[in-house]
Protein chains: 2
Amino acid sequence: MGRPRTYTRDEVLRKATDLFARKGYEGAHLQELVDVTGLNRFSLYKEFGGKEGLFQAALEGYLGQLAALSAALQRDPAGLANVRAFYAALLAEDFPHGCLAVNTIREKHVLPAHVYATIERFAAETERSLLRNLRGAEQRGELAPGTDAEGLAQFLTALNMGVMSYAIVAPDPACRARIYGVVESVLR
Amino acid sequence: MGRPRTYTRDEVLRKATDLFARKGYEGAHLQELVDVTGLNRFSLYKEFGGKEGLFQAALEGYLGQLAALSAALQRDPAGLANVRAFYAALLAEDFPHGCLAVNTIREKHVLPAHVYATIERFAAETERSLLRNLRGAEQRGELAPGTDAEGLAQFLTALNMGVMSYAIVAPDPACRARIYGVVESVLR
DNA sequence: CCTGTTGCAGAACAATCGTTCTGAAACATG
DNA sequence: CATGTTTCAGAACGATTGTTCTGCAACAGG
């Protein structure tokens with residue numbers, strides 16, 4: 001009972017995520033968060049404990065979505081097909097204001113340490129998943145013999161980060177498709 | 001005449017650049033800038049006009065250094081040799097806290113518009129220089145026929161941004177060398 | 001040594017930050 | 001319709017932000 005809330009937790013997180021992606025953790029001021037989410041200050045503190053809690057919640061939700069995109073990398077058998085499926089999924093999504101995760105990396109020295117650690121862990125995990133599939137591809141002869149699988153995994157991870165930054169400068173989604181097209185020439 | 005100043009403009013800019021690279025424009029607070037540069041508030045305002053002026057000066061100096069690194073791209077004849085020299089120069093430099101220019105991109109919606117425009121212009125210009133050399137390579141038969149030179153230029157630009165982000169997560173410079181090694185397989 | 005000028009160190013400023021608090025509004029229940 | 005509970009809207013809080021100001025220190029020239 002009591003007065004019904006005028007917001008949905010998911011909806012609030014969606015809008016907060018959007019603002020955080022545009023302005024960053026420090027750059028997104030509480031007043032803007034209140035304006036954008038429609039959630040009043042009181043409820044914001046009751047629901048999320050404060051700005052940091054809201055950011056953490058938004059980030060975790062976002063990383064969850066990203067993890068769903070990389071689900072293809074977990075399939076068996078490990079190989080290039082999984083990597084290609086991963087990129088296809090990435091391409092289907094659009095990132096109008098860049099990627100919250102990548103943007104947040106740049107705030108390493110501004111964020112509470114445990115928040116940043118969340119991102120670093122996720123990045124390492126994704127790279128590991130990529131590596132698993134590249135090793136699998138190596139064994140199955142999908143990659144040229146003598147390929148540096150580890151270096152390739154790092155390369156792909158770095159490229160993903162780069163594409164997310166490039167998306168801010170050139171928001172046209174077609175660019176991303178073109179860039180990923182070039183990646184094909186590496187995967188063999 | 002008058003009391004001699006205890007600072008050098010270049011030294012101040014160097015230290016300010018370092019702090020801005022770590023914390024970003026909004027994240028680098030004036031008190032920290034004062035502490036790090038050793039420049040007192042009064043002189044900071046007299047010399048640079050304020051935080052925004054200091055950032056703009058630091059950024060322009062930094063972009064100048066980056067431009068020096070990409071000088072190889074301006075040489076004739078345009079071709080892959082120039083691109084390789086560019087990457088060698090990039091690799092020789094080290095970026096302990098990532099790249100100020102790339103880090104600043106994520107602050108697009110926080111920065112004064114004309115400051116952000118500086119970065120965007122620089123990125124576009126570098127990509128154009130890359131494209132010139134890729135087209136040259138195409139004509140001279142250094143690239144496989146039918147290669148998407150424009151896409152390749154976008155790819156390389158995005159990759160550079162990515163490597164600078166990756167350098168924050170994995171500060172080991174050896175990683176960058178490894179990643180650039182993979183790029184070789186694209187340049188042919 | 002005095003005087004004029006410039007830079008230094010820190011106090012003081014309004015504005016804004018994230019956070020907390022207060023009183024009224026909007027329901028479910030008896 | 002009263003009562004209890006939960007949320008809402010906005011005022012109020014101390015702390016910190018970028019900026020400006022004030023008094024003193026350190027030189028060059030006469």
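Chain letters run A, B, ... following the sequence lines, proteins first and then strands; every chain starts at 1.
For the pair T6(B) and dG7(C), the criterion of a side-chain N or O lying under 4.0 Å from OP1 or OP2 is not met. Side-chain nitrogen and oxygen atoms of K46(A) include at least one within less than 4.0 Å of the OP1 or OP2 phosphate oxygen of dT7(D). Distances shorter than 4.0 Å separate some side-chain N or O of S43(B) from OP1 or OP2 on dC8(C).
Atom CG in L33(A) sits about 11 Å away from atom C1' in dG18(C), given to the nearest Å. Rounded to an integer number of Å, the gap from N40(B) CG to dA9(C) P is 6 Å. Note: CZ (R5(B)) to P (dT5(C)) measures 17 Å, nearest angstrom. Rounded to an integer number of Å, the gap from CD of E32(A) to P of dC17(C) is 8 Å. Computed from coordinates, the Y7(A) OH to dT6(D) C1' distance equals 10 Å when rounded to whole Å. Here dC17(C) presents its P atom at 12 Å from NE2 of H29(B), a figure rounded to the nearest Å. Note: CG (D35(B)) to P (dG18(D)) measures 12 Å, nearest angstrom. Remark: C1' of dT6(C) and CD of E47(B) are 13 Å apart, rounded to the nearest angstrom.
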Nucleotide N/O of nucleotides 19-22 of chain C paired with protein N/O under 3.5 Å:
{"unit_1": "dT19(C)", "atom_1": "OP2", "unit_2": "Y45(A)", "atom_2": "OH", "d": "2.4"}
{"unit_1": "dT19(C)", "atom_1": "OP2", "unit_2": "K51(A)", "atom_2": "N", "d": "3.1"}
{"unit_1": "dT19(C)", "atom_1": "O5'", "unit_2": "Y45(A)", "atom_2": "OH", "d": "2.6"}
{"unit_1": "dT19(C)", "atom_1": "O4", "unit_2": "R41(A)", "atom_2": "NE", "d": "2.7"}
{"unit_1": "dT19(C)", "atom_1": "O4", "unit_2": "R41(A)", "atom_2": "NH2", "d": "3.0"}

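For residues 117-137 of chain A, the pairs satisfying salt bridge (charged side-chain N to carboxylate O under 4.0 Å, His left out) are D76(A)-R132(A), R135(A)-E150(A), with sequence neighbours left out. Residue pairs that meet the salt bridge (charged side-chain N to carboxylate O under 4.0 Å, His left out) test with at least one member in residues 105-116 of chain B, sequence neighbours left out, are E107(A)-R106(B). For residues 33-48 of chain A, every residue pair satisfying the salt bridge (charged side-chain N to carboxylate O under 4.0 Å, His left out) rule, not counting sequence neighbours, is listed here: R5(A)-E47(A), R9(A)-E47(A). Within the structure, no pair that satisfies the salt bridge (charged side-chain N to carboxylate O under 4.0 Å, His left out) test touches residues 49-72 of chain A, not counting sequence neighbours.
Applying the side chain to side chain donor-acceptor pair (under 3.5 Å) test to R84(B) and every residue at least two apart in sequence or in another chain returns E184(B). Residues forming a side-chain contact (heavy atoms from CB on, under 4.5 Å) with A167(B) (at least two apart in sequence, or on another chain): R176(B). Considering only residues two or more places apart in sequence or on other chains, Y166(A) meets the ring pair (Phe, Tyr, Trp, His ring centres under 6.0 Å) condition with none of them.
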Listing, residues 88-98 of chain B side-chain donor-acceptor contacts under 3.5 Å, not counting sequence neighbours, or none:
none

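The main-chain N or O of N133(A) is never found under 3.5 Å from a side-chain atom of N82(A) such that the two would form a donor-acceptor pair.
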Note to self: Each nucleotide in nucleotides 25-30 of chain D should get exactly one letter: B, S or -. Can you fill that in based on protein heavy atoms under 4.0 Å?
What the structure shows: BBBS--
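Separation of atoms CG (L187(A)) and CG (L156(A)) is listed at 6.0 Å; rounding is to 0.5 Å.
For DNA chain D, no neighbouring residue in residues 106-118 of chain B is found when judged by any heavy atom under 4.0 Å. Within residues 11-28 of chain A, no residue has a heavy atom under 4.0 Å from DNA chain D.
Of the N and O atoms on the side chains of N160(B) and T157(B), not one donor lies less than 3.5 Å from an acceptor on the other residue.
Here D18(B) pairs with R22(B) in a salt bridge; the nearest charged N to carboxylate O distance falls below 4.0 Å.
The aromatic rings of F20(B) and F55(B) stand perpendicular to each other, their planes meeting at an angle above 60°, with 30° marking the opposite boundary.
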Next item on the list: Step by step, work out the salt bridge (charged side-chain N to carboxylate O under 4.0 Å, His left out) result for R188(B) and E142(B).
Entry: CA-CA 6 Å; R188(B) 60 183 183 196; E142(B) 298 175 342; over 6 Å; no
